Student: 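Got a structure here, written out as structure tokens. Questions coming.
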2 protein chains.
Amino acid sequence: MKTLKSIIDKKMENREFREAFDEYEKEFQIAQKIIQLRKKSGMTQSELAKKANTSQSAIARLESGEHHNITLAFLHKVCNAMNIIPEIRFKKTGL
Amino acid sequence: MKTLKSIIDKKMENREFREAFDEYEKEFQIAQKIIQLRKKSGMTQSELAKKANTSQSAIARLESGEHHNITLAFLHKVCNAMNIIPEIRFKKTGL
DNA sequence: GATAATTATATCATTCGTGATATGTTAGCC
DNA sequence: GGCTAACATATCACGAATGATATAATTATC
């Protein structure tokens, strides 16, 4: 029986796919976190955009998690508008 | 007497300058960390570049800390080549 | 000091993220 | 239903990061 999991597991054996998937997941997590933080601060996308000197569409794009190539400058800018500081830590992988 | 610190402190009163400075410092920290991790793994810039599918000049640029607009994708790529995962955490500022 | 290895800097083309605007979609409210 | 607010999506110009290459500068080794 071909479950979705079995298909993904098979794909995961491929290094490129695995890395792309992991990266995508991380960006998605960032997107989710941004949404969470924005709602907690009680702002709409437009309000946050204005405070961060950007556009509502840019915020929507960030929160969509589709583009996994955001710049650190942009992330900082958005976070600053929410009184948040994004910190980066470097951890060893399992390998 | 005009010390360097007094001049910087004065500039720090300006919001834009302060944010730019803070951001610059963070990028510089990332750059330093990358250098540290690369040396610990015993690779040259060229070796790391090859492993990360980029160029030696790109690694040098990253490590120089001059460009504070690196993309997360690029950071991930370089880190992956060192078996490192960059994690992002969101912290509240003092305000 | 010469030579080689490593890193820094410069330049250019290309790709891609961002800003901006407009428009589509959805959900809630009257 | 119509209306409004909030969010999603599309498109385009522009600027900036990246890839690539070459070359200068630095460091290490002899």
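It should be emphasised that the depicted structure is a prediction, and the values quoted were computed from it without experimental measurement. The chains referred to below are lettered A, B, ... by the order of the sequence lines, with proteins before strands, and numbering in each begins at 1.
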Student: Using atom CD1 of B:Ile70 as one end and atom P of C:dT18 as the other, report the distance to the nearest whole Å.
Tutor: 13 Å

Student: Does a side-chain N-to-carboxylate-O contact under 4.0 Å join B:Glu47 and B:Arg38?
Tutor: no

Student: Look at all strands and tell whether A:Thr54 reaches a base, only sugar-phosphate, or nothing, counting heavy atoms closer than 4.0 Å.
Tutor: sugar-phosphate

Student: Is there side-chain contact between B:Ile84 and A:Lys92, with at least one heavy-atom pair below 4.5 Å?
Tutor: yes

Student: Can you tell me the distance, in whole Å, between the NZ atom of B:Lys50 and the C1' atom of D:dG19?
Tutor: 17 Å

Student: Closer than 4.0 Å, any side-chain N/O of A:Asn69 to the OP1 or OP2 of C:dC16?
Tutor: no

Student: Within the modelled atom types, does a donor on one side and an acceptor on the other bring the side chain of B:Thr44 and the base of C:dT7 under 3.5 Å apart?
Tutor: no

Student: Verify the contact: side-chain N or O of A:Thr71 to OP1 or OP2 of C:dT18, cut-off strictly under 4.0 Å; return yes or no.
Tutor: yes

Student: Is any side-chain heavy atom of A:Thr71 less than 4.5 Å from a side-chain heavy atom of B:Ile70?
Tutor: no

Student: So which one's nearest nucleotide on DNA chain C is more toward 5', B:Glu47 or B:Ala60?
Tutor: B:Glu47

Student: Rounded to the nearest angstrom, tell me the gap between atom CG in A:Asn53 and atom P in D:dG15.
Tutor: 17 Å

Student: Counting just side-chain N and O atoms, does A:Lys77 come under 4.0 Å of either OP1 or OP2 of C:dG17?
Tutor: no

Student: Any N or O donor-acceptor pair under 3.5 Å from the base of C:dA8 to the side chain of B:Gln56?
Tutor: yes

Student: Flag the pair A:Glu87 and B:Arg89 as a salt bridge only when some basic side-chain nitrogen lies within less than 4.0 angstrom of an acidic carboxylate oxygen.
Tutor: no

Student: Suppose we call a contact any N or O donor and acceptor under 3.5 Å apart; does that hold for the side chain of A:Ser57 and the base of C:dT21?
Tutor: yes

Student: Separation of A:Arg61 atom CZ from D:dT11 atom C1', in whole Å?
Tutor: 10 Å

Student: Given atom NE2 of A:His76 and atom P of C:dT18, what is their separation to the nearest angstrom?
Tutor: 13 Å

Student: With a 4.5 Å heavy-atom cut-off, do B:Ile34 and B:Leu75 have their side chains touching?
Tutor: yes

Student: Round to the nearest Å and state the distance from B:Gln32 atom CD to C:dT7 atom P.
Tutor: 14 Å

Student: Find the distance A:Gln45:CD to C:dT25:P and express it as a whole number of Å.
Tutor: 17 Å

Student: Quickly work out the B:Ile35 CD1 to C:dT7 P distance and round it to whole Å.
Tutor: 10 Å

